[in-house]
J.: 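Quick one: structure below, then a few questions.
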Amino acid sequence: MSDGPPPLLAVADALDRVLRGLAPSQTEICELQDVRGRVLATDIAARLSLPPAAVSAMDGYAIRAADCQAPGASLTRIGESAAGRPWGGSVAAGEAVRIFTGAVLPDGTDTILLQEDASAIDETDGATITVNEVPRAGQFIRPAGLDVTTGDIILTAGTVMSARLIALAISAGHTEVSVWHRPHVGILSTGDELVPPGGTPGPGQIISSNAVYLSSFVAACGAVPVDLGIARDRPGEMLSCVRAAPVPLDLVVTTGGASVGVHDHIVDDLSASGTELGFWKIAMRPGKPLIHGRIDDTPLLGLPGNPVSSAVCANIFLRPAIARLSGGDHRPQMIAARLAIDLKANDRRQDYLRATLEYDPQGQAVVTPARKQDSSMISIYAGANALIVRPPHDEARQAGDMVMVMPLDPLL
Ligand code: AMP
Ligand code: MG
């Protein structure tokens, strides 16, 4: 006796199973200026210290604090240290060296007397400098290695490189680093009704938009999209298209053909030789017919055909999958937001409601679900900037309750 439909695989378990089989394959050496978004394959140790020697943090005079104990003390200027032009001598009692920001601190000095706290007869060596404001001993000196010390591990394997991390590695003496190879992701649309972008749909036809969305998505995630075209709704067609891929693939993504209709062939195709069907139904809305499998040795993610379902599943499954194949890790950032309207109790599927996230004048996040949640409506998804994530069987919520929200990447 059954008391309801069979349990569906939970989203978190499905994601675990997708990620378990994925790992980055090869590394390559890349110029640092080209690695934004790439994942480091090794730790990086600093080759240089920053600053390489003690330097001044201000414009003024490099002095000995012992010489400047009271206002009115006077010193003799004996040279100048500017950025890139250190002063080579040694400073004795009663002497000062004119110094500028970033210039090396001369031997014998221990403090910077600010330009504003002194008066000088003129800007020549031999000039008398009068101390107006007694400096704090040691002030305005950046010691050697303040920022980075040679040999320090400044970046660790698995780090996603950003412009600021590139600047750090460059400053520490590197020009290139070892990064994981960008995964190649094949994208295949399925459906007899699909017309390639730019075509004119005939009766019953629509423009295929999923592949364009996914290609853009894949590229934004740092992988290389590989267009596998459109497979028609015939048994074996999906397999032939995937096997005809122009380059070796690290992952195949299909859209459509994932349900139980007589024209849906992806699941059946995954029982052919060299293929494997992992799971194909998960407790998620939109996106219940999500397929995980393998063709020859390439993992396959079969996304639903409805544009919003495939896009939401791309955020939940494809993005972490690409991160894993790229040597990194991606976990969606979730925030708590106040609900603007009431919501009915949820059923057994984890729900991802298209929504608008805003901040009220107090800086509190407020989220409003779209009134229509039909998974075919690309216009609703396009206008949303967040997804409200509701766990299975979440109780009814009232306006003002806090809910968990996943902001959508503004470029995706
Ligand atoms: P399917 O899962 O194949 O039954 O597709 C579900 C819905 O998504 C159908 O209404 C399809 O027309 C639509 N669909 C499938 N593939 C695409 C695509 N590449 N672009 C836009 N809509 C699609
Ligand atoms: Mg179809």
Side-chain angles (χ1 to χ4, degrees), residues 8-9 14 185-220 225-242 244-245 249 251-272 275 277-293 295 300-318 349 351-352 354 370 372-384 408 412:
L8 295 169
L9 187 61
V185 178
I187 299 166
L188 179 69
S189 310
T190 72
D192 283 343
E193 75 282 32
L194 302 179
V195 177
T200 307
Q205 294 186 316
I206 56 167
I207 304 272
S208 172
S209 62
N210 290 350
V212 174
Y213 176 81
L214 290 172
S215 165
S216 186
F217 189 98
V218 161
V226 178
D227 181 14
L228 302 180
I230 299 174
R232 297 306 170 186
D233 290 324
R234 279 191 296 280
E237 180 92 359
M238 178 279 277
L239 282 184
S240 340
C241 291
V242 170
L249 300 173
L251 177 67
V252 173
V253 179
T254 62
T255 71
S259 304
V260 291
V262 291
H263 300 294
D264 296 326
H265 300 293
I266 307 272
V267 167
D268 286 346
D269 277 10
L270 289 177
S271 62
T275 68
L277 176 65
F279 60 79
W280 69 290
K281 278 185 184 168
I282 62 170
M284 175 171 175
R285 183 187 315 99
K288 180 175 159 200
L290 181 93
I291 298 173
H292 179 239
I295 297 178
L300 172 138
L301 202 52
L303 306 183
N306 270 313
V308 179
S309 309
S310 73
V312 171
C313 287
N315 280 279
I316 307 303
F317 295 97
L318 181 55
R349 287 153 72 184
D351 211 350
Y352 293 84
R354 278 68 77 196
K372 290 184 182 161
Q373 294 288 335
D374 185 318
S375 63
S376 71
M377 295 178 72
I378 188 79
S379 62
I380 303 283
Y381 181 67
L408 291 170
L412 296 178

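Whatever order the structure lists them in is the order used to number ligands and atoms, beginning at 1. Quick caveat, the model's predicted, so the values are computed rather than measured.
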J.: Do Lys288 and Leu8 have side chains that approach each other closer than 4.5 Å (heavy atoms only, starting at C-beta)?
T.: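 Heavy-atom side-chain distance check passes, below 4.5 Å.
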
J.: Just by distance, do the side chain of Arg232 and the backbone of Thr190 share a donor-acceptor pair under 3.5 Å?
T.: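 The answer is no, because no donor-acceptor pair under 3.5 Å joins these two groups.
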
J.: Looking only at atom types and distance, does a side-chain atom of Arg349 sit under 3.5 Å from a main-chain N or O of Ala283, one as donor and one as acceptor?
T.: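 Looks like no, no N/O pair under 3.5 Å.
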
J.: For Leu214 versus Ala314, what's the shortest heavy-atom pair and its separation?
T.: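 That closest heavy-atom pairing would be CD2-CB, 3.8 Å.
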
J.: Which parts of the protein, at residue level, reach under 4.0 Å of ligand 1 through a heavy atom?
T.: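 Close residues (ligand 1, cut-off 4.0 Å): Ser189, Thr190, Glu193, Leu194, Ile206, Ile207, Ser208, Ser209, Asn210, Thr255, Gly256, Gly257, Asp264, Gly305, Asn306, Pro307.
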
J.: Any donor-acceptor pair under 3.5 Å linking the side chain of Asp233 with the backbone of His265?
T.: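 Not confirmed, Asp233 side chain does not pair with His265 backbone.
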
J.: Any side-chain to backbone donor/acceptor pair from Ser216 onto Tyr213? Under 3.5 Å, distance only.
T.: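 Pair absent, no side-chain N/O of Ser216 close to backbone of Tyr213.
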
